[in-house]
Engineer: 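Pasting a structure here, questions to come.
In what follows, every chain begins at residue 1, and chains take the letters A, B, ... in the order their sequences are listed.
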Protein chains: 2
Amino acid sequence: MKRILLIVCDGLGDRPVDSFGGKTPLQAANKHNFDWLAENGICGLMDPIAPGVRPGSDTAHLAIFGYDPHECYTGRGPFEAIGAGVKLEPGDVAFRCNFATVDADMKIIDRRAGRIASGTEEITSTLDGTEIGGAEIVLKPGTAHRAALVLRGKGLSWKVSDADPHETGKKVLDVLPYEEDAKRTAEIVNEFVRLSHEKLADHPINATREKEDKLPANIILPRGGGIWVPLRSFEEKYGLKAAAISGVTLVRGICTSVGMEMLDVEGATGGLDTDMMAKADAAMKALESKDFVYMNIKAPDICGHDGLAEEKVKVIQRLDEMLGGVKRQLDDETILAVTADHSTPTEVGDHSGDPVPLMIFGPGIRTDQVAQFDEISVARGGLGHPRGSDLMNMLLNLAGRAERFGA
Amino acid sequence: MKRILLIVCDGLGDRPVDSFGGKTPLQAANKHNFDWLAENGICGLMDPIAPGVRPGSDTAHLAIFGYDPHECYTGRGPFEAIGAGVKLEPGDVAFRCNFATVDADMKIIDRRAGRIASGTEEITSTLDGTEIGGAEIVLKPGTAHRAALVLRGKGLSWKVSDADPHETGKKVLDVLPYEEDAKRTAEIVNEFVRLSHEKLADHPINATREKEDKLPANIILPRGGGIWVPLRSFEEKYGLKAAAISGVTLVRGICTSVGMEMLDVEGATGGLDTDMMAKADAAMKALESKDFVYMNIKAPDICGHDGLAEEKVKVIQRLDEMLGGVKRQLDDETILAVTADHSTPTEVGDHSGDPVPLMIFGPGIRTDQVAQFDEISVARGGLGHPRGSDLMNMLLNLAGRAERFGA
């Protein structure tokens, strides 16, 4: 039985870029390690969910890990909350929140409260542990301007709209129920928003911020509500002791939800400045005691969202160096897979439904005729056009860990 | 957001033809516009329903439009009826009918009553609006020898057999119930057939026909019964204002069912003599005010059914000219897709379960390495081997109209 290393380059897939003469960033990059692995491995073009479907990072990761997002995903809230360190219980309804700044008319001045980076623990403790409309309020700070709100109690529903209008200058939205049974939950969330504004207005942290000419965090805006549906762990589902490395709260939440041990790596930021090699070294180290190690690098997705094609090429070249380091450390007992959770084309500036390149390398692989790792070349690879939900089965098979179905 | 033009060349897919040295009609044809689009677009080989499944034009179109035919299709009757202009209500059971000629023993002399082309309105009005066994009878003429029968009322079932024996010389069939609950419906249809024979025997239209040495339309034979299940419209489902061009009643019925506006084009006949360029011009014109325009050209399917391989090559060459005209009118705001609803191999003479070539062209496309549009070349294309049910998602994605699933 072999070990598995899965590296997801977040948002790596792209489309032709005009300034590159119609090449994608992957085609334009100098990336001999990616290409060496493609040439000596087996490739394919993977639809994370289904052809044309535009995935979120959360639904794509669930699918890639073998959990059907149509069944277990109702919103990002619970995964954000878990990623932020909250322990959820079945039936909990969770929201992602932003600390924001509003004016006297409840109009948004800044959806991120001047990108507040400290003091959020003091702010959340004002409301954490209180009760609204019979529901217990769990409120924990996330990174920077983010927080997680959990409603705990009987008869709660996730089918409510967002309070966050997602746009500066707009008024904070009334949370509306999408169905009759969600009326009470909507009222609780509205009361939470009102109360956050009331309690934060004169909070000492905001008094200090105003003295420093910073925008006050005078309201908390929930969005992306979802109900927590417990997932079978990787160990239970696949017999894999698993660990994960990711600087992204949402991805960390998903990895934690499926029972992966989160590894913290010094220099891993989830940003463009992340220390990729430190992450790769930590992943290789973790393989000594784990069966499966998952590693996410957010940088290519950031370039995609910001429309920075040349920066994306540079990120790919840094990824390539990192892969060179991984390659040097690989042994005959490891299956390596490299792919993306979705495409984030720089000319779109957002996730798209285009498939992503997938490469698997290791002993026993049926090496195909693909010698370049890019969106066009891998389309003719030996893995064909699988879906994200096929990936774990393919990896378990190549690792000699798949259960036989039938006699 | 871009607009979408979907051109379906009905029954275009084929198999190797002996007299073409094993080439398919697409491979044998001179078609530089098809090939230019393939070379500059992205291709794939699409299974309209699933690999090997032989689709009808109706089930294939439902799948391609994103409606699961296993859920919403029970028979062609309702779509034929809607295509013929009948407004159905939920629960209506509808049949396709032929005017036919039978002898005194109820044996079929001609299943099409000498291809009767006029006077059918007078014939149907004899029975339209009457009542049989508690069900209201709606009977409307279609094109030529075709008509639509709708049974309206409570407790009707579509699970009954055909009255039409589908063969000359055979006796008209007793309509049988496929299940207990369908007994009453079977009796109603049998009574309808008996009554049609009784009322038409001495109908003035038939008296005239006999004087003109034409076969009388002395019976109406229902088949293809189905229950009407309302479908979500294209606008509701995809946010697309849609129009369609087709000369085929069944296809028109499906387009109307999903809320497309049917456009009538002078010279569009649904036959071999159809004015393809007039249809294409009308489609391009419609794109000025619509988000999605669908266009069906029946001609290749007709050649397939009739086993005319050389004629099919000629039709493909006319399609190619038409595509040249479309190409000249395309702008950067349009995604063009060209495909078929199913294969109709000339050596089979009927629909087959072989996949069909698919090509998508437009801005942002990941151009692949395919340079010919035929059943063999596109198999290595960047779209892989999608299913018909994936097509709308792929088009919405490329048009920048796909909703994101997840965060």
Engineer: Grab the two heavy atoms, one from A/G52 and one from B/A402, that are nearest each other, plus how far apart they are.
Structural biologist: O-CB, 4.3 Å
Engineer: Please name the pair of heavy atoms, one in B/A407 and one in A/L250, separated by the smallest distance, quoted to 0.1 Å.
Structural biologist: CB-CD2, 4.2 Å
Engineer: Is the closest side-chain heavy-atom distance between B/L398 and A/R15 below 4.5 Å?
Structural biologist: yes
Engineer: Between A/I376 and B/T367, does the side chain to side chain contact (heavy atoms under 4.5 Å, CB included) criterion hold? Intermediate values first, please.
Structural biologist: CA-CA 8 Å; A/I376 315 303; B/T367 302; over 6 Å; no
Engineer: Between chain B and each of A/P355, A/G75, A/G224, count heavy-atom pairs under 4.5 Å; write down the option with the most.
Structural biologist: A/P355
Engineer: Show, in sequence, the C-alpha distance, side-chain angles and deciding distance for B/D390 and A/V53, and conclude whether the side chain to side chain contact (heavy atoms under 4.5 Å, CB included) test is met.
Structural biologist: CA-CA 9 Å; B/D390 298 317; A/V53 174; over 6 Å; no
Engineer: Could you have a look at A/L45, A/D47, A/D350 and say which one has the most heavy-atom pairs with chain B under 4.5 angstrom?
Structural biologist: A/D350
Engineer: So which of B/L395, B/L383, B/L391, B/I42 has the largest heavy-atom pair count under 4.5 angstrom toward chain A?
Structural biologist: B/L383
Engineer: For a quick test of reading the model, state the closest non-hydrogen atom pair linking B/N397 to A/R54 and the distance between them.
Structural biologist: OD1-CG, 4.1 Å
Engineer: Hey, what's the ring geometry for B/F405 with A/H70, parallel, tilted or perpendicular (30° and 60° as the breaks)?
Structural biologist: parallel
Engineer: Quick one: do B/D368 and A/R380 make a salt bridge, cutoff under 4.0 Å?
Structural biologist: no
Engineer: Please give me the minimum heavy-atom distance between B/G364 and A/P16, naming the atom from each residue.
Structural biologist: O-CD, 3.6 Å
Engineer: Any chance NZ of B/K290 has more than 12 other-residue heavy atoms, nucleotides or ligands included, within less than 6.0 Å?
Structural biologist: yes
Engineer: Do NZ/NE/NH1/NH2 and the carboxylate oxygens of B/R366 and A/D374 come within less than 4.0 Å?
Structural biologist: no
Engineer: With only heavy atoms counted, which part of A/I49 is less than 4.5 Å from chain B, the side chain, the backbone, both or neither?
Structural biologist: side chain
Engineer: So what's closer than 4.5 Å to chain B heavy atoms on A/R387: side chain, backbone, both or neither?
Structural biologist: side chain
Engineer: Could you tell me whether B/K2 atom NZ has more than 12 heavy atoms of other residues or ligands within 6.0 Å of it?
Structural biologist: yes
Engineer: Other residues, nucleotides and ligands only: do more than 12 of their heavy atoms fall within 6.0 Å of NZ on B/K23?
Structural biologist: no
